[in-house]
Amino acid sequence: MPPLCTLLSDFGTRDWYVGAMKGTLLRLAPGTSLVDLTHDVEPGDIASAGFVLAGAAPAFPAGTVHLAVVDPGVGTARRLLAASCGAHFFVAPDNGLLTRALAGVALGAPVEVRAVERPDLYLDAPGQTFHGRDRFAPIAAALLRGEPLASLGARIEDAVTVTIEERPTRDPIHGRVEGHIVYVDRYGNLVTDIPASWLQGRPLLAARSGPCKLPGLYSHYAELLPGVPALLVGSLGTLEIAVRDTSAAKATGLGCGDAVTIELEPSER
Amino acid sequence: MPPLCTLLSDFGTRDWYVGAMKGTLLRLAPGTSLVDLTHDVEPGDIASAGFVLAGAAPAFPAGTVHLAVVDPGVGTARRLLAASCGAHFFVAPDNGLLTRALAGVALGAPVEVRAVERPDLYLDAPGQTFHGRDRFAPIAAALLRGEPLASLGARIEDAVTVTIEERPTRDPIHGRVEGHIVYVDRYGNLVTDIPASWLQGRPLLAARSGPCKLPGLYSHYAELLPGVPALLVGSLGTLEIAVRDTSAAKATGLGCGDAVTIELEPSER
Amino acid sequence: MPPLCTLLSDFGTRDWYVGAMKGTLLRLAPGTSLVDLTHDVEPGDIASAGFVLAGAAPAFPAGTVHLAVVDPGVGTARRLLAASCGAHFFVAPDNGLLTRALAGVALGAPVEVRAVERPDLYLDAPGQTFHGRDRFAPIAAALLRGEPLASLGARIEDAVTVTIEERPTRDPIHGRVEGHIVYVDRYGNLVTDIPASWLQGRPLLAARSGPCKLPGLYSHYAELLPGVPALLVGSLGTLEIAVRDTSAAKATGLGCGDAVTIELEPSER
């Protein structure tokens with residue numbers, strides 16, 4: 001199989017940036033299969049970029065290199081990271097972009113993060129504004145050519161992490177679960193950080209987010225009642241709030257960071 | 001040649017959905033070449049999705065698998081289809097998305113549609129909201145690995161069809177042709193369902209759509225008079241309404257469903 | 001390595017146009033690796049398309065075929081071009097789209113431009129509105145299959161060129177440099193045509209564009225002072241105007257064509 005490299009950035013799709021990064025990868029690692037995750041991350045939105053990466057990466061085969069460049073600190077002293085998690089490889093700036101992907105149980109342990117110090121790999125290019133092409137692509141290409149991760153730099157334990165919103169909490173005895181909306185997708189579905197597994201087998205007494213009551217737990221979108229926001233199990237295994245045939249974000253006014261509270265029927269003691 | 005799979009969806013390009021579906025295809029059918037048709041279908045717009053699929057699929061080589069997921073009924077009892085038309089394969093929900101592609105003479109007969117019943121292929125994933133990743137991608141991967149279509153499920157003759165707008169009509173003796181606008185493209189060109197072949201060799205006496213008179217039949221955009229909407233032969237072989245250097249949709253206010261009427265010079269009897 | 005073809009167009013990503021062009025390439029040149037540069041060029045914006053192509057093409061490996069279709073004159077007598085520049089190949093309409101790419105020192109000399117006359121290659125398709133699929137893709141496929149450039153048509157020296165904005169000028173003795181904003185990227189950075197090399201080693205006395213004073217020359221975005229537009233060296237080796245964490249285009253009101261003037265400390269005589 002040809003080596004496989006995914007790409008994620010905030011470069012947008014209308015300038016030469018994505019093309020120049022892809023060309024560099026194909027020039028330095030000929031025959032690589034390139035797969036776009038997205039280039040439509042809002043400029044500098046590291047948290048969303050990390051969320052998308054963590055959602056998509058586990059689907060790929062072992063050995064995939066994931067190149068992710070959302071890099072408002074380009075040109076500063078921020079480090080360049082190469083990492084492995086299970087059989088997946090990641091290349092990204094040291095700004096928290098990898099936090100969720102490396103924390104994801106989906107990819108399995110162990111995690112190894114290295115601060116890249118290989119100026120011999122970098123392109124001799126004008127300016128300090130496009131490390132996606134000039135540094136990150138050459139680092140990813142080295143991995144795609146089969147260079148060992150350990151050859152790229154020293155192992156570190158202090159990579160920058162994004163502050164993930166307050167973790168969800170649960171009180172199993174009284175049946176109270178609390179979490180937050182952590183992502184709004186293109187359909188306007190409100191993805192939360194509450195694992196669906198926390199609810200298993202126990203009826204919901206009540207659920208709400210802000211002013212919205214959330215009746216019941218549904219299995220799929222077509223089952224929802226028109227106009228009524230409700231909970232269902234999303235594709236990442238967490239609860240999400242959806243409204244049938246429309247954007248839950250618009251219909252409810254809810255968004256990232258808003259709290260979600262659920263009362264379960266108390267378990268028998 | 002590597003197996004070839006096209007992708008069409010309403011997933012948009014900014015979330016993890018497209019990446020997760022692609023990763024699954026590459027994990028289950030290693031070495032596949034993936035080609036995006038579009039992921040920018042408006043959420044749930046099955047008719048437009050079918051139009052784009054029917055317009056693009058015939059260009060691909062024999063053996064291509066076309067995976068199309070616009071699936072507002074995800075998780076319901078709607079069937080999952082695998083089909084062949086000529087030497088092309090299609091995988092999609094049973095909601096009419098394939099109607100135009102399978103009707104297209106471009107791909108040739110015969111058509112074979114099967115209702116997939118292969119739970120052994122499906123991923124054991126959380127939730128019932130992402131069959132693109134969890135069911136459709138594994139079905140497409142089976143075809144890409146060379147599993148025969150017949151192994152996927154029983155043949156059916158009652159696949160859901162979208163109601164295609166009233167078919168265009170013609171009265172050859174009196175030279176009257178009637179049809180409708182069926183698609184508006186990104187340039188604002190108004191694509192109709194009237195085969196250009198119906199006009200061959202006969203001058204137009206008059207043509208109109210709503211309040212717009214459409215003078216003459218033109219060969220290409222640069223031939224049009226500035227500001228005057230007119231007919232030309234579009235790339236699918238049907239007539240379209242265009243305005244030079246601007247959007248005909250905006251300039252005329254016309255859109256999908258609007259009628260187009262043409263009077264031809266009566267043929268000699 | 002499989003043959004490599006980049007694609008650039010103003011087709012957008014929501015219709016069947018890109019898919020139909022890709023399918024045709026893969027049908028006529030099986031096994032080709034396709035890489036999108038962009039399809040989000042504004043309809044008919046030949047100048048921007050040429051800028052993006054010139055920015056991305058040099059990154060690709062030798063032997064790459066670059067297929068670029070922004071073609072408001074489709075169907076007219078405008079010629080179809082096939083060209084080589086260094087070890088890169090280009091296929092495009094004769095409307096100036098290739099001007100910057102073929103002028104780019106990045107690809108190296110020599111340049112060879114041919115007017116394609118190979119009706120035997122063209123598809124027998126309805127209408128004269130989609131030469132991307134019906135003519136340009138088959139021409140690119142011929143190159144991808146290894147047909148020699150010389151077989152496609154006669155060499156020409158009079159290809160249409162876009163008027164590149166007034167060239168930047170410098171007065172080395174008095175230290176005055178003048179140029180223009182030539183591109184606005186998705187971040188709102190204002191890319192100029194002034195080579196950064198013209199400033200090397202000489203302090204800026206003053207710089208401005210329209211009403212904006214531009215203090216100093218910075219190395220990277222994170223070094224900029226909040227809210228203050230300033231100059232830095234962009235990824236194409238020319239100066240650009242940026243504002244930290246926001247769009248310089250919006251913050252300043254400047255755009256393509258606006259003049260930029262720089263006073264350098266006079267060199268010692």
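Quick caveat: nothing in here was measured; it's all calculated off a predicted structure. Keep in mind that the numbers below use all heavy atoms, side chains included, and drop hydrogens, waters and symmetry copies. In what follows, chains are A, B, ... by sequence order, proteins preceding strands, each numbered from 1.
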(request) Quick one: do B/Arg167 and B/Glu178 satisfy salt bridge (charged side-chain N to carboxylate O under 4.0 Å, His left out)? Show the steps, please. (result) CA-CA 9 Å; B/Arg167 298 277 182 182; B/Glu178 292 191 336; over 6 Å; no

(request) Take B/Val182 and B/Thr192, measure what side-chain contact (heavy atoms from CB on, under 4.5 Å) needs, and give me the verdict at the end. (result) CA-CA 5 Å; B/Val182 290; B/Thr192 80; 5.6 Å; no

Name the member of [options] that forms the most heavy-atom pairs with chain C at distances under 4.5 Å.
| options | value |
| --- | --- |
| B/Gly237, B/Ala56, B/Ser235 | B/Ser235 |
| B/Phe51, B/Tyr221, B/Tyr187 | B/Tyr187 |
| B/Ala242, B/Ser219, B/Ala222 | B/Ser219 |

(message) Centre-to-centre under 6.0 Å for C/Phe130 and C/Phe11, is that the case here?
(response) yes

(request) Of all the heavy-atom pairs spanning C/Ala83 and C/Leu98, show the shortest one and how long it is. (result) CB-CD1, 4.4 Å

(request) Heavy atoms only: give me the nearest C/Pro93-C/Ala68 pair and the separation to one decimal. (result) CD-O, 3.3 Å

(request) Name the region of C/Arg133, side chain, backbone, both or neither, that has any atom closer than 4.5 Å to a heavy atom of chain B. (result) side chain

(request) Under 4.5 Å heavy-atom distance to chain B, tell me which part of C/Asp10 shows up: side chain, backbone, both or neither. (result) both

Can you tell which part of [X] gets under 4.5 Å to a heavy atom of chain C, answering side chain, backbone, both or neither?
| X | result |
| --- | --- |
| B/Thr6 | neither |
| B/Tyr218 | neither |
| B/Leu236 | both |
| B/Leu53 | neither |

(request) Report, by ascending residue number, the residues of residues 17-40 of chain C in heavy-atom contact with chain B at a distance under 4.5 Å; give 'none' if the set is empty. (result) C/Tyr17, C/Gly19, C/Ala20, C/Lys22, C/Gly23, C/Thr24, C/Leu26, C/Arg27, C/Pro30, C/Gly31, C/His39

Flag side-chain contact, heavy atom, 4.5 Å: [X] against [Y]:
| X | Y | answer |
| --- | --- | --- |
| B/Val243 | B/Leu224 | no |
| B/Val177 | B/Pro168 | no |
| B/Leu217 | B/Leu239 | yes |

(message) For the residue pair C/Asp15 / B/Tyr183, report whether a side-chain donor-acceptor contact shorter than 3.5 Å exists.
(response) yes

(request) For B/Glu42, enumerate each residue passing the side chain to side chain donor-acceptor pair (under 3.5 Å) test, keeping only those at least two apart in sequence or located in another chain. (result) none

